[in-house]
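Chain letters run A, B, ... following the sequence lines, proteins first and then strands; every chain starts at 1. Computed from heavy atoms alone, side chains included, the values below leave out hydrogens, waters and symmetry copies. A quick note: this is a predicted structure, and the numbers were derived from the prediction, not measured.
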Protein chains: 2
Amino acid sequence: MQDSRVTLDDTDLRLLAALQRDAHLTAEALGSQLNLSASQAGRRRQRLEASGAIRGYTARLDPEGLGLAVQAFIQVTLERHGPEQAKSFSRMVETRPEIVSAWTLTGDADYLLRAYTTGLRALHTLIHEVLLSHPTVARVQSQIVMDQLKADAPLPL
Amino acid sequence: MQDSRVTLDDTDLRLLAALQRDAHLTAEALGSQLNLSASQAGRRRQRLEASGAIRGYTARLDPEGLGLAVQAFIQVTLERHGPEQAKSFSRMVETRPEIVSAWTLTGDADYLLRAYTTGLRALHTLIHEVLLSHPTVARVQSQIVMDQLKADAPLPL
DNA sequence: GGTGAAATCTACCTAGG
DNA sequence: CCTAGGTAGATTTCACC
(Lines give C-alpha, C1' and ligand atoms only; values in the text may rest on other atoms or scores of the structure.)
Protein backbone atom coordinates (compact mmCIF):
# COMPACT_ATOMS: atom_id res chain seq x y z
CA MET A 1 0.00 0.00 0.00
CA GLN A 2 3.10 2.19 0.14
CA ASP A 3 3.86 4.84 -2.44
CA SER A 4 7.06 3.03 -3.23
CA ARG A 5 8.03 5.01 -6.32
CA VAL A 6 8.71 1.97 -8.45
CA THR A 7 9.49 2.51 -12.09
CA LEU A 8 6.67 1.64 -14.44
CA ASP A 9 7.45 0.16 -17.81
CA ASP A 10 5.38 0.60 -20.93
CA THR A 11 3.31 -2.51 -20.21
CA ASP A 12 2.39 -1.15 -16.80
CA LEU A 13 1.21 2.10 -18.36
CA ARG A 14 -0.92 0.28 -20.89
CA LEU A 15 -2.38 -1.87 -18.14
CA LEU A 16 -3.27 1.22 -16.12
CA ALA A 17 -4.86 2.81 -19.17
CA ALA A 18 -6.94 -0.29 -19.79
CA LEU A 19 -8.13 -0.45 -16.19
CA GLN A 20 -9.11 3.20 -16.31
CA ARG A 21 -11.36 2.40 -19.25
CA ASP A 22 -12.85 -0.68 -17.56
CA ALA A 23 -12.03 -1.75 -14.04
CA HIS A 24 -13.78 -5.08 -14.52
CA LEU A 25 -11.42 -6.39 -17.17
CA THR A 26 -10.32 -9.89 -16.29
CA ALA A 27 -6.70 -10.87 -16.04
CA GLU A 28 -7.15 -12.87 -19.21
CA ALA A 29 -8.60 -9.93 -21.15
CA LEU A 30 -5.80 -7.69 -19.90
CA GLY A 31 -3.28 -10.29 -20.92
CA SER A 32 -4.49 -10.53 -24.49
CA GLN A 33 -4.38 -6.74 -24.83
CA LEU A 34 -0.84 -6.65 -23.50
CA ASN A 35 0.52 -9.87 -25.01
CA LEU A 36 0.90 -11.40 -21.58
CA SER A 37 -0.39 -14.55 -20.01
CA ALA A 38 -3.36 -14.15 -17.70
CA SER A 39 -1.27 -14.95 -14.66
CA GLN A 40 1.33 -12.32 -15.50
CA ALA A 41 -1.33 -9.70 -16.16
CA GLY A 42 -2.98 -10.48 -12.84
CA ARG A 43 0.34 -10.35 -11.05
CA ARG A 44 1.11 -6.91 -12.51
CA ARG A 45 -2.28 -5.67 -11.44
CA GLN A 46 -1.67 -6.84 -7.88
CA ARG A 47 1.72 -5.15 -7.89
CA LEU A 48 0.24 -1.86 -9.10
CA GLU A 49 -2.47 -2.04 -6.46
CA ALA A 50 0.05 -2.73 -3.73
CA SER A 51 2.40 0.03 -4.89
CA GLY A 52 -0.36 2.62 -4.66
CA ALA A 53 -0.36 3.46 -8.37
CA ILE A 54 -3.92 2.13 -8.38
CA ARG A 55 -5.74 3.79 -5.53
CA GLY A 56 -8.95 1.83 -5.92
CA TYR A 57 -11.85 1.11 -8.21
CA THR A 58 -15.00 3.15 -8.49
CA ALA A 59 -18.30 3.12 -10.35
CA ARG A 60 -18.85 6.01 -12.76
CA LEU A 61 -22.43 7.19 -12.38
CA ASP A 62 -24.65 9.30 -14.60
CA PRO A 63 -25.25 12.54 -12.66
CA GLU A 64 -28.17 13.72 -14.76
CA GLY A 65 -29.81 10.31 -14.59
CA LEU A 66 -29.59 10.52 -10.81
CA GLY A 67 -31.27 13.90 -10.65
CA LEU A 68 -28.09 15.94 -10.20
CA ALA A 69 -29.05 18.44 -12.87
CA VAL A 70 -26.82 21.40 -12.02
CA GLN A 71 -23.06 21.25 -11.86
CA ALA A 72 -21.07 24.33 -10.92
CA PHE A 73 -17.62 25.67 -10.16
CA ILE A 74 -17.39 28.06 -7.26
CA GLN A 75 -14.46 30.32 -6.49
CA VAL A 76 -14.16 31.38 -2.87
CA THR A 77 -12.11 34.13 -1.30
CA LEU A 78 -11.58 34.17 2.45
CA GLU A 79 -11.78 37.26 4.67
CA ARG A 80 -8.46 36.72 6.38
CA HIS A 81 -5.83 34.07 5.90
CA GLY A 82 -4.76 32.21 8.99
CA PRO A 83 -4.40 28.56 9.86
CA GLU A 84 -7.57 28.82 11.94
CA GLN A 85 -9.70 30.18 9.09
CA ALA A 86 -8.35 27.64 6.62
CA LYS A 87 -9.05 24.81 9.03
CA SER A 88 -12.60 25.92 9.64
CA PHE A 89 -13.33 26.30 5.94
CA SER A 90 -11.70 23.01 5.12
CA ARG A 91 -13.84 21.21 7.67
CA MET A 92 -16.98 22.68 6.15
CA VAL A 93 -15.91 21.59 2.66
CA GLU A 94 -15.27 18.06 3.87
CA THR A 95 -18.71 17.89 5.39
CA ARG A 96 -20.87 19.02 2.49
CA PRO A 97 -21.55 16.11 0.17
CA GLU A 98 -22.54 18.26 -2.82
CA ILE A 99 -19.00 19.67 -2.88
CA VAL A 100 -17.21 16.82 -4.64
CA SER A 101 -13.81 18.46 -5.12
CA ALA A 102 -11.92 21.41 -3.68
CA TRP A 103 -8.58 22.89 -4.66
CA THR A 104 -6.34 25.74 -3.67
CA LEU A 105 -4.97 27.47 -6.75
CA THR A 106 -2.47 30.07 -7.72
CA GLY A 107 -4.08 33.41 -8.51
CA ASP A 108 -6.70 35.61 -6.88
CA ALA A 109 -9.25 33.27 -5.36
CA ASP A 110 -8.34 31.10 -2.39
CA TYR A 111 -10.36 28.02 -3.31
CA LEU A 112 -12.05 26.44 -6.29
CA LEU A 113 -14.94 24.11 -5.49
CA ARG A 114 -16.79 21.73 -7.77
CA ALA A 115 -20.38 20.95 -6.78
CA TYR A 116 -23.29 18.84 -7.98
CA THR A 117 -26.79 19.86 -6.95
CA THR A 118 -30.31 18.82 -7.79
CA GLY A 119 -31.16 22.21 -9.23
CA LEU A 120 -30.54 25.94 -9.22
CA ARG A 121 -32.44 26.31 -5.97
CA ALA A 122 -30.15 23.82 -4.21
CA LEU A 123 -27.09 25.58 -5.64
CA HIS A 124 -28.41 28.92 -4.40
CA THR A 125 -28.89 27.41 -0.95
CA LEU A 126 -25.35 26.03 -0.96
CA ILE A 127 -23.89 29.39 -1.90
CA HIS A 128 -25.91 31.55 0.45
CA GLU A 129 -26.68 29.41 3.47
CA VAL A 130 -23.48 27.42 3.54
CA LEU A 131 -20.66 29.34 1.89
CA LEU A 132 -21.58 33.00 2.41
CA SER A 133 -22.86 32.22 5.90
CA HIS A 134 -19.49 30.82 6.86
CA PRO A 135 -17.67 33.34 9.12
CA THR A 136 -14.44 33.55 7.16
CA VAL A 137 -15.82 33.69 3.61
CA ALA A 138 -15.48 37.10 2.01
CA ARG A 139 -16.56 36.53 -1.57
CA VAL A 140 -18.07 33.80 -3.71
CA GLN A 141 -18.27 33.62 -7.48
CA SER A 142 -20.07 30.71 -9.08
CA GLN A 143 -20.15 29.54 -12.68
CA ILE A 144 -22.66 26.95 -13.80
CA VAL A 145 -21.64 24.22 -16.20
CA MET A 146 -23.59 24.56 -19.44
CA ASP A 147 -21.97 21.79 -21.42
CA GLN A 148 -19.29 19.18 -20.86
CA LEU A 149 -17.08 18.78 -23.94
CA LYS A 150 -14.79 16.23 -22.38
CA ALA A 151 -15.81 14.32 -19.30
CA ASP A 152 -13.23 12.97 -16.88
CA ALA A 153 -11.00 11.37 -19.43
CA PRO A 154 -8.41 8.86 -18.26
CA LEU A 155 -5.16 10.28 -17.00
CA PRO A 156 -2.63 10.73 -19.83
CA LEU A 157 -0.30 7.74 -19.61
CA MET B 1 -28.19 0.56 -21.86
CA GLN B 2 -30.98 3.07 -22.30
CA ASP B 3 -31.41 6.02 -20.00
CA SER B 4 -34.79 4.70 -19.01
CA ARG B 5 -35.49 7.13 -16.21
CA VAL B 6 -36.53 4.47 -13.73
CA THR B 7 -37.22 5.51 -10.19
CA LEU B 8 -34.50 4.56 -7.75
CA ASP B 9 -35.46 3.57 -4.26
CA ASP B 10 -33.35 4.09 -1.17
CA THR B 11 -31.68 0.71 -1.52
CA ASP B 12 -30.60 1.57 -5.06
CA LEU B 13 -29.03 4.80 -3.86
CA ARG B 14 -27.14 3.03 -1.10
CA LEU B 15 -25.95 0.43 -3.59
CA LEU B 16 -24.69 3.17 -5.91
CA ALA B 17 -22.93 4.89 -3.05
CA ALA B 18 -21.24 1.64 -2.06
CA LEU B 19 -20.07 0.94 -5.60
CA GLN B 20 -18.65 4.43 -5.87
CA ARG B 21 -16.53 3.72 -2.83
CA ASP B 22 -15.41 0.32 -4.13
CA ALA B 23 -16.37 -1.07 -7.52
CA HIS B 24 -15.01 -4.49 -6.61
CA LEU B 25 -17.47 -5.18 -3.83
CA THR B 26 -18.96 -8.63 -4.28
CA ALA B 27 -22.67 -9.20 -4.52
CA GLU B 28 -22.52 -10.85 -1.13
CA ALA B 29 -20.75 -7.89 0.48
CA LEU B 30 -23.27 -5.52 -1.10
CA GLY B 31 -26.10 -7.67 0.14
CA SER B 32 -24.96 -7.64 3.73
CA GLN B 33 -24.62 -3.85 3.65
CA LEU B 34 -28.12 -3.52 2.22
CA ASN B 35 -29.86 -6.38 4.06
CA LEU B 36 -30.39 -8.26 0.82
CA SER B 37 -29.42 -11.67 -0.41
CA ALA B 38 -26.40 -11.87 -2.68
CA SER B 39 -28.56 -12.75 -5.65
CA GLN B 40 -30.83 -9.73 -5.17
CA ALA B 41 -27.90 -7.40 -4.72
CA GLY B 42 -26.37 -8.73 -7.93
CA ARG B 43 -29.65 -8.38 -9.75
CA ARG B 44 -30.00 -4.75 -8.67
CA ARG B 45 -26.50 -4.06 -9.81
CA GLN B 46 -27.27 -5.49 -13.23
CA ARG B 47 -30.44 -3.44 -13.45
CA LEU B 48 -28.58 -0.24 -12.60
CA GLU B 49 -25.92 -1.03 -15.18
CA ALA B 50 -28.54 -1.70 -17.84
CA SER B 51 -30.52 1.43 -17.02
CA GLY B 52 -27.45 3.61 -17.48
CA ALA B 53 -27.32 4.85 -13.90
CA ILE B 54 -23.95 3.09 -13.70
CA ARG B 55 -21.92 4.16 -16.71
CA GLY B 56 -19.01 1.85 -16.05
CA TYR B 57 -16.21 1.06 -13.64
CA THR B 58 -12.84 2.72 -13.59
CA ALA B 59 -9.55 2.49 -11.73
CA ARG B 60 -8.64 5.57 -9.69
CA LEU B 61 -4.94 6.21 -10.18
CA ASP B 62 -2.43 8.25 -8.22
CA PRO B 63 -1.43 11.14 -10.51
CA GLU B 64 1.66 12.16 -8.55
CA GLY B 65 2.81 8.57 -8.30
CA LEU B 66 2.61 8.37 -12.09
CA GLY B 67 4.73 11.46 -12.60
CA LEU B 68 1.87 13.84 -13.33
CA ALA B 69 3.17 16.45 -10.97
CA VAL B 70 1.35 19.56 -12.19
CA GLN B 71 -2.39 19.89 -12.35
CA ALA B 72 -3.99 23.06 -13.67
CA PHE B 73 -7.23 24.75 -14.58
CA ILE B 74 -7.16 26.81 -17.75
CA GLN B 75 -9.77 29.33 -18.80
CA VAL B 76 -9.94 29.97 -22.52
CA THR B 77 -11.64 32.77 -24.42
CA LEU B 78 -12.15 32.45 -28.15
CA GLU B 79 -11.56 35.21 -30.71
CA ARG B 80 -14.94 34.92 -32.35
CA HIS B 81 -17.89 32.70 -31.60
CA GLY B 82 -19.22 30.65 -34.46
CA PRO B 83 -20.04 26.99 -34.93
CA GLU B 84 -16.88 26.61 -37.00
CA GLN B 85 -14.57 28.00 -34.30
CA ALA B 86 -16.28 25.97 -31.58
CA LYS B 87 -15.95 22.80 -33.61
CA SER B 88 -12.29 23.37 -34.33
CA PHE B 89 -11.49 24.09 -30.69
CA SER B 90 -13.53 21.12 -29.50
CA ARG B 91 -11.67 18.78 -31.82
CA MET B 92 -8.36 19.98 -30.45
CA VAL B 93 -9.54 19.46 -26.87
CA GLU B 94 -10.64 15.93 -27.66
CA THR B 95 -7.26 15.15 -29.12
CA ARG B 96 -4.96 16.32 -26.36
CA PRO B 97 -4.65 13.62 -23.71
CA GLU B 98 -3.37 15.94 -20.99
CA ILE B 99 -6.69 17.82 -21.11
CA VAL B 100 -8.82 15.46 -19.05
CA SER B 101 -11.98 17.56 -18.79
CA ALA B 102 -13.47 20.56 -20.58
CA TRP B 103 -16.58 22.55 -19.81
CA THR B 104 -18.44 25.54 -21.12
CA LEU B 105 -19.55 27.75 -18.26
CA THR B 106 -21.69 30.77 -17.61
CA GLY B 107 -19.65 33.92 -17.20
CA ASP B 108 -16.78 35.57 -19.07
CA ALA B 109 -14.56 32.73 -20.29
CA ASP B 110 -15.76 30.39 -23.00
CA TYR B 111 -14.15 27.20 -21.72
CA LEU B 112 -12.68 25.78 -18.57
CA LEU B 113 -10.12 23.02 -19.06
CA ARG B 114 -8.57 20.70 -16.51
CA ALA B 115 -5.14 19.36 -17.38
CA TYR B 116 -2.52 17.03 -15.90
CA THR B 117 1.08 17.47 -17.02
CA THR B 118 4.43 16.07 -16.05
CA GLY B 119 5.72 19.47 -15.01
CA LEU B 120 5.62 23.21 -15.44
CA ARG B 121 7.52 22.97 -18.68
CA ALA B 122 4.90 20.63 -20.19
CA LEU B 123 2.11 22.90 -18.98
CA HIS B 124 3.86 25.87 -20.58
CA THR B 125 4.11 23.93 -23.83
CA LEU B 126 0.43 23.05 -23.70
CA ILE B 127 -0.58 26.64 -23.17
CA HIS B 128 1.69 28.23 -25.74
CA GLU B 129 2.16 25.68 -28.46
CA VAL B 130 -1.29 24.13 -28.34
CA LEU B 131 -3.81 26.57 -26.96
CA LEU B 132 -2.42 29.98 -27.87
CA SER B 133 -1.28 28.66 -31.25
CA HIS B 134 -4.81 27.62 -32.06
CA PRO B 135 -6.28 30.06 -34.62
CA THR B 136 -9.45 30.92 -32.71
CA VAL B 137 -8.04 31.28 -29.20
CA ALA B 138 -7.93 34.87 -28.00
CA ARG B 139 -6.92 34.59 -24.38
CA VAL B 140 -5.77 31.94 -21.91
CA GLN B 141 -5.55 32.18 -18.16
CA SER B 142 -4.15 29.26 -16.21
CA GLN B 143 -4.20 28.52 -12.51
CA ILE B 144 -2.04 25.77 -11.08
CA VAL B 145 -3.38 23.49 -8.39
CA MET B 146 -1.39 23.94 -5.20
CA ASP B 147 -3.34 21.64 -2.92
CA GLN B 148 -6.34 19.35 -3.19
CA LEU B 149 -8.55 19.59 -0.11
CA LYS B 150 -11.17 17.19 -1.38
CA ALA B 151 -10.46 14.81 -4.22
CA ASP B 152 -13.23 13.53 -6.47
CA ALA B 153 -15.63 12.54 -3.75
CA PRO B 154 -18.56 10.28 -4.63
CA LEU B 155 -21.60 11.97 -6.05
CA PRO B 156 -24.03 13.04 -3.32
CA LEU B 157 -26.76 10.41 -3.24
C1' DG C 1 4.26 -19.12 -17.39
C1' DG C 2 0.97 -22.74 -15.79
C1' DT C 3 -2.31 -25.17 -12.49
C1' DG C 4 -5.96 -26.00 -9.19
C1' DA C 5 -8.64 -24.82 -5.21
C1' DA C 6 -11.54 -21.20 -3.56
C1' DA C 7 -14.33 -17.40 -4.48
C1' DT C 8 -17.49 -15.07 -7.46
C1' DC C 9 -20.92 -14.23 -11.03
C1' DT C 10 -25.17 -15.16 -13.21
C1' DA C 11 -28.91 -17.62 -15.39
C1' DC C 12 -32.47 -20.33 -13.81
C1' DC C 13 -35.63 -22.09 -10.35
C1' DT C 14 -38.83 -21.87 -6.41
C1' DA C 15 -41.54 -19.52 -2.84
C1' DG C 16 -44.35 -15.73 -1.08
C1' DG C 17 -47.29 -11.61 -1.52
C1' DC D 1 -47.75 -11.23 -11.86
C1' DC D 2 -43.94 -9.26 -9.64
C1' DT D 3 -40.28 -9.35 -6.30
C1' DA D 4 -37.02 -11.90 -3.08
C1' DG D 5 -34.06 -15.88 -1.94
C1' DG D 6 -31.63 -20.10 -3.24
C1' DT D 7 -28.85 -23.24 -6.29
C1' DA D 8 -25.50 -24.94 -9.79
C1' DG D 9 -22.61 -24.44 -13.77
C1' DA D 10 -19.37 -21.29 -15.74
C1' DT D 11 -15.96 -17.86 -14.91
C1' DT D 12 -12.32 -15.55 -12.42
C1' DT D 13 -8.88 -14.92 -8.98
C1' DC D 14 -4.76 -16.05 -6.54
C1' DA D 15 -1.44 -18.75 -4.00
C1' DC D 16 1.68 -22.12 -5.23
C1' DC D 17 4.57 -24.88 -8.44
Side-chain angles (χ1 to χ4, degrees), chain A residues 1-67 152 154-155 157, chain B residues 1-63 65-66 152 154-155 157:
Chain A
M1 196 74 76
Q2 287 297 48
D3 192 328
S4 49
R5 200 58 49 85
V6 281
T7 40
L8 305 174
D9 63 18
D10 183 64
T11 303
D12 286 324
L13 295 180
R14 294 202 298 145
L15 193 151
L16 292 173
L19 285 178
Q20 280 192 107
R21 285 190 292 273
D22 181 3
H24 280 179
L25 284 172
T26 65
E28 176 156 323
L30 280 171
S32 59
Q33 283 189 34
L34 305 173
N35 294 92
L36 285 177
S37 67
S39 50
Q40 287 301 339
R43 186 188 305 270
R44 277 191 192 248
R45 178 151 66 99
Q46 286 184 315
R47 187 165 56 78
L48 291 167
E49 289 166 357
S51 78
I54 297 174
R55 292 241 258 254
Y57 301 96
T58 184
R60 284 183 300 110
L61 305 186
D62 172 24
E64 318 234 333
L66 298 173
D152 295 315
L155 293 179
L157 297 177
Chain B
M1 199 72 77
Q2 286 296 47
D3 193 329
S4 50
R5 198 61 48 84
V6 282
T7 39
L8 304 175
D9 63 18
D10 183 64
T11 303
D12 286 324
L13 295 180
R14 293 202 297 146
L15 193 152
L16 293 173
L19 285 177
Q20 281 193 107
R21 286 189 291 273
D22 181 3
H24 279 180
L25 283 172
T26 67
E28 175 155 324
L30 280 171
S32 60
Q33 282 190 35
L34 305 173
N35 292 95
L36 284 178
S37 67
S39 52
Q40 286 303 331
R43 185 190 303 271
R44 278 189 190 250
R45 177 151 65 99
Q46 286 182 316
R47 188 164 56 78
L48 291 166
E49 289 165 358
S51 77
I54 297 175
R55 292 241 260 253
Y57 300 96
T58 184
R60 285 183 299 109
L61 304 186
D62 173 23
L66 299 171
D152 295 315
L155 292 179
L157 298 177

Checklist entry - How close or far is atom P of D/dT13 from atom CG of A/Leu19, stated in whole angstroms? => result 10 Å

Checklist entry - Roughly, in whole Å, what's the span from OH in A/Tyr57 to C1' in D/dT12? => result 14 Å

Which pairs would a plain distance check flag for residues 32-39 of chain B, meaning a side-chain donor or acceptor within less than 3.5 Å of a matching protein atom at least two apart in sequence or in another chain?
residue: B/Ser32; atom: OG; partner: B/Ala29; partner atom: O; Å: 3.0
residue: B/Ser37; atom: OG; partner: B/Ser39; partner atom: OG; Å: 3.2
residue: B/Ser37; atom: OG; partner: B/Gln40; partner atom: N; Å: 3.3

Checklist entry - Whole Å only: how far is the CG atom of A/Leu30 from the C1' atom of D/dC14? => result 15 Å

Item to check | Value in whole Å for how far the P atom of D/dC14 lies from NE2 of B/His24 | outcome: 9 Å

Next on the checklist: Expressed as a whole number of angstroms, how long is the span from B/Gln40:CD to C/dA15:P?
Outcome noted: 16 Å

Checklist entry - What about A/Ser39, does its side chain sit under 3.5 Å from the base of C/dG2 through a donor-acceptor pair? => result yes

Checklist entry - Quick one: is B/Arg44 getting a side-chain N or O under 4.0 Å of the D/dA4 phosphate, OP1 or OP2? => result yes

Checklist entry - The side chain of B/Arg43 lies closest to which of these nucleotides: C/dC9, C/dG1, D/dG6? => result D/dG6

Checklist entry - Do B/Leu16 and B/Leu8 touch side chain to side chain, with heavy atoms closer than 4.5 Å? => result yes

Item to check | B/Ala23 versus A/Ala59, closest heavy-atom pair with distance | outcome: CB-N, 3.9 Å

Item to check | Beyond-backbone contact of A/Leu19 with B/Leu61, side-chain heavy atoms, under 4.5 angstrom | outcome: no

Checklist entry - To the nearest Å, how far apart are B/Leu34 CG and D/dA4 P? => result 12 Å

Item to check | Phosphate OP1/OP2 of D/dT13: any A/Gln46 side-chain N/O under 4.0 Å | outcome: no

Next on the checklist: So A/Thr26, base contact, sugar-phosphate only, or nothing? Heavy-atom distance under 4.0 Å.
Outcome noted: sugar-phosphate

Next on the checklist: Please determine whether a side-chain nitrogen or oxygen atom of B/Arg45 lies at a distance below 4.0 Å from atom OP1 or OP2 of C/dC9.
Outcome noted: yes

Next on the checklist: Rounded to whole Å, how long is the line connecting atom CG of B/Asp12 with atom C1' of D/dT3?
Outcome noted: 13 Å

Checklist entry - Between B/Arg43 and B/Arg47, does a side chain to side chain contact (heavy atoms under 4.5 Å, CB included) hold up when you go through it step by step? => result CA-CA 6 Å; B/Arg43 185 190 303 271; B/Arg47 188 164 56 78; 5.8 Å; no

Next on the checklist: Let's see if you can work this out: which of C/dC13, D/dT7, C/dG1 has an atom nearest to the side-chain heavy atoms of A/Leu36?
Outcome noted: C/dG1

Checklist entry - When the distance from CG of B/Leu25 to C1' of C/dA7 is rounded to whole Å, what number comes out? => result 15 Å

